[in-house]
Chemist: 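Take a look at the following structure, please.
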Amino acid sequence: MALRIPPIQCLLTFEALARLRSVTQAAEELCVTPSAVSHRVRQLEQILGTKLFGRADFSLTTEGSEYLAHVREGLSALERFPSQAASPGRRKLRIAVTPTFARSILMPRLRQFFEAYPEIDLTLQVSIPLLDVVAEDADLTIRFGTGRYADVEHVCLFKDEVTPLASPAWARENGPFEHAADLEGQTLLRSPLEPWRTWFAAHDLDWPEPVDGSSFNDIGLMCDAAAQGLGVGLVRVRLGAPWLENGSLVRLYPRTVPSPHAHYLCWRTGAMDRWECATFAQWLRQSLA
């Protein structure tokens, strides 16, 4: 009779939960949802026909303790086995990413990923889900938004803060900027991705959202426009870092305010069972920490 070997993801999840004794922490480490952790453990228990955890504090049963030793021994053996033999051939991974995230955050780090995982070939596609510009058939998607995504599993990569940025020459010609109200009458560059009402509300300014002037559906394009002296843009600090570092943009105010949105890594259910997806997700989260 053929033996049913548990899926490797179930074994990894069991080991993580046994070590961390927290569904939430195990989910974060494995880049899956807490419900996925629970589902994998239940699946493993069904395959083995025995309970592995106590109900209250995730303490191991006697059978669970014995099985954990075997699982760790097996995972350790797989870890020592040469990766070329364990995973022959190249892996293909398609990632949909927002344009400025790709330019400011991902591209400066990609060499590290390629050096660590040369067997993975990446295909990067531009996507702006907040504006319904979505790349088709991506394995992983980086979205900027509210995080309320019922259609996919997701994890928050990082939150950001916003502040007005302009070119040094523009700031000199139109300043000084000592109070938020000093922006009144100035040329405000607009983007549906980062409405000015976030800044206005944080400074108790009862100003309407600007409706006149140039508008951009990409923060990077807005940064380029601001760097050319076309006005002032409300920019996320981490995304605007390249322009701030090369001096083409400067802050008008020292204060920053939280953006109402954040960057999320999203995937369809089951995607993280693929080694290349789970590997990239873990690498990206660690590189952004």
Side-chain angles (χ1 to χ4, degrees), residues 5-16 19-20 25-33 36-37 40 71-129 134-144 152-158 160 218 220 238-239 241-242 245-246 262-289:
I5 300 175
I8 186 65
Q9 295 300 332
C10 290
L11 299 178
L12 291 170
T13 302
F14 166 60
E15 192 283 329
R19 171 167 40 85
L20 298 171
Q25 291 182 34
E28 291 178 352
E29 179 175 298
L30 298 169
C31 294
V32 298
T33 61
V37 170
R40 290 177 182 180
V71 168
R72 285 178 171 166
E73 181 180 358
L75 292 177
S76 178
L78 290 173
E79 207 170 41
R80 292 192 300 270
F81 198 68
S83 61
Q84 297 91 328
S87 302
R90 303 190 65 79
R91 304 294 186 99
K92 306 294 184 182
L93 181 59
R94 297 164 299 179
I95 301 173
V97 58
T98 53
T100 310
F101 184 98
R103 180 196 294 188
S104 299
I105 305 296
L106 186 57
M107 294 305 295
R109 293 170 168 81
L110 268 190
R111 182 173 180 176
Q112 301 169 10
F113 179 79
F114 289 141
E115 290 175 350
Y117 303 101
E119 63 270 58
I120 299 179
D121 290 331
L122 295 182
T123 297
L124 298 182
Q125 304 165 278
V126 171
S127 176
I128 313 177
V134 181
E136 297 295 333
D137 300 324
D139 302 308
L140 301 174
T141 303
I142 295 172
R143 293 186 179 183
F144 178 71
V152 292
E153 297 184 45
H154 56 277
V155 63
C156 182
L157 292 174
F158 65 84
D160 210 342
D218 171 53
R238 291 187 72 167
L239 291 194
E245 291 170 0
N246 66 27
H263 285 93
Y264 294 85
L265 181 66
C266 307
W267 62 90
R268 293 186 294 271
T269 300
M272 287 302 171
D273 289 338
R274 292 171 50 195
W275 172 79
E276 58 270 26
C277 291
T279 296
F280 182 86
Q282 183 179 27
W283 168 82
L284 182 60
R285 293 186 68 194
Q286 291 176 345
S287 71
L288 295 175

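Predicted model only: the values in this text are computed from it and were never measured. Reckoned from all heavy atoms, side chains included, excluding hydrogens, waters and symmetry mates.
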Chemist: Looking at side-chain heavy atoms only, is the closest gap between W275 and L93 below 4.5 Å?
Modeler: no
Chemist: Quick check for you: to the nearest 0.5 Å, what is the distance between D218 atom CG and T100 atom OG1?
Modeler: 3.5 Å
Chemist: Within a strict 4.5 Å, meaning less than it, do heavy atoms of the T141 and V152 side chains meet?
Modeler: no
Chemist: Counting only pairs under 3.5 Å, give me each side-chain donor-acceptor contact of residues 281-289, with atom names and distances, residues two or more places apart or in other chains.
Modeler:
{"residue": "R285", "atom": "NH1", "partner": "E28", "partner atom": "O", "Å": "2.4"}
{"residue": "S287", "atom": "OG", "partner": "W283", "partner atom": "O", "Å": "3.4"}
{"residue": "S287", "atom": "OG", "partner": "L284", "partner atom": "O", "Å": "2.9"}

Chemist: Testing the basics here: between A262 and F158, what is the closest heavy-atom pair and its distance to 0.1 Å?
Modeler: CB-O, 3.6 Å
Chemist: Show the nearest heavy-atom pair for residues Q125 and A138, with the distance to one decimal.
Modeler: OE1-CB, 3.9 Å
Chemist: Keeping R94 on the side-chain end and D137 on the backbone end, is there a donor-acceptor pair under 3.5 Å?
Modeler: yes
Chemist: Would you say the side chain of I120 lies within less than 4.5 Å of the side chain of F280, judging by non-hydrogen atoms?
Modeler: no
Chemist: What is the minimum heavy-atom distance between A36 and E153, and which atoms define it?
Modeler: CB-OE1, 4.4 Å
Chemist: Can you list the steps and then say if W267 with V155 is a side-chain contact (heavy atoms from CB on, under 4.5 Å)?
Modeler: CA-CA 9 Å; W267 62 90; V155 63; 3.8 Å; yes
Chemist: Evaluate the side-chain contact (heavy atoms from CB on, under 4.5 Å) criterion for residues V37 and Q25: first the C-alpha distance (whole Å), next the side-chain angles of each, then the deciding distance (0.1 Å), finally the verdict.
Modeler: CA-CA 10 Å; V37 170; Q25 291 182 34; over 6 Å; no
Chemist: How close do D139 and C277 get, heavy atom to heavy atom, and via which atoms?
Modeler: CB-SG, 4.0 Å
Chemist: For Q9 and T13, which heavy atoms make the closest approach, and how far apart are they?
Modeler: O-OG1, 2.7 Å
Chemist: How many angstroms lie between atom CZ of F14 and atom CG of L75, to the nearest 0.5 angstrom?
Modeler: 10.0 Å
Chemist: Check the angle between the aromatic planes of F101 and H263 and answer parallel, tilted or perpendicular using the 30° and 60° thresholds.
Modeler: tilted
Chemist: Do the side chain of S76 and the main chain of R72 share a donor and acceptor less than 3.5 angstrom apart?
Modeler: no
Chemist: What is the distance from atom CZ of R40 to atom CD1 of I8, rounded to the nearest 0.5 Å?
Modeler: 11.0 Å
Chemist: Side chains of L110 and L124, heavy atoms from C-beta outward: is any pair under 4.5 Å?
Modeler: yes
Chemist: Please list, chain by chain and in numerical order, all residues satisfying salt bridge (charged side-chain N to carboxylate O under 4.0 Å, His left out) with E276, sequence neighbours excluded.
Modeler: R91, R274
Chemist: Looking at CD1 of I105 and CD1 of I142, how far apart are the two atoms once the value is rounded to the nearest 0.5 Å?
Modeler: 9.5 Å
Chemist: Keeping D160 on the side-chain end and R238 on the backbone end, is there a donor-acceptor pair under 3.5 Å?
Modeler: yes
Chemist: Determine the minimum heavy-atom distance between A16 and L30, stating which atoms define it.
Modeler: CB-CD1, 4.2 Å
Chemist: For R103 and P99, indicate whether the former's side chain and the latter's backbone hold a donor-acceptor pair under 3.5 Å.
Modeler: no
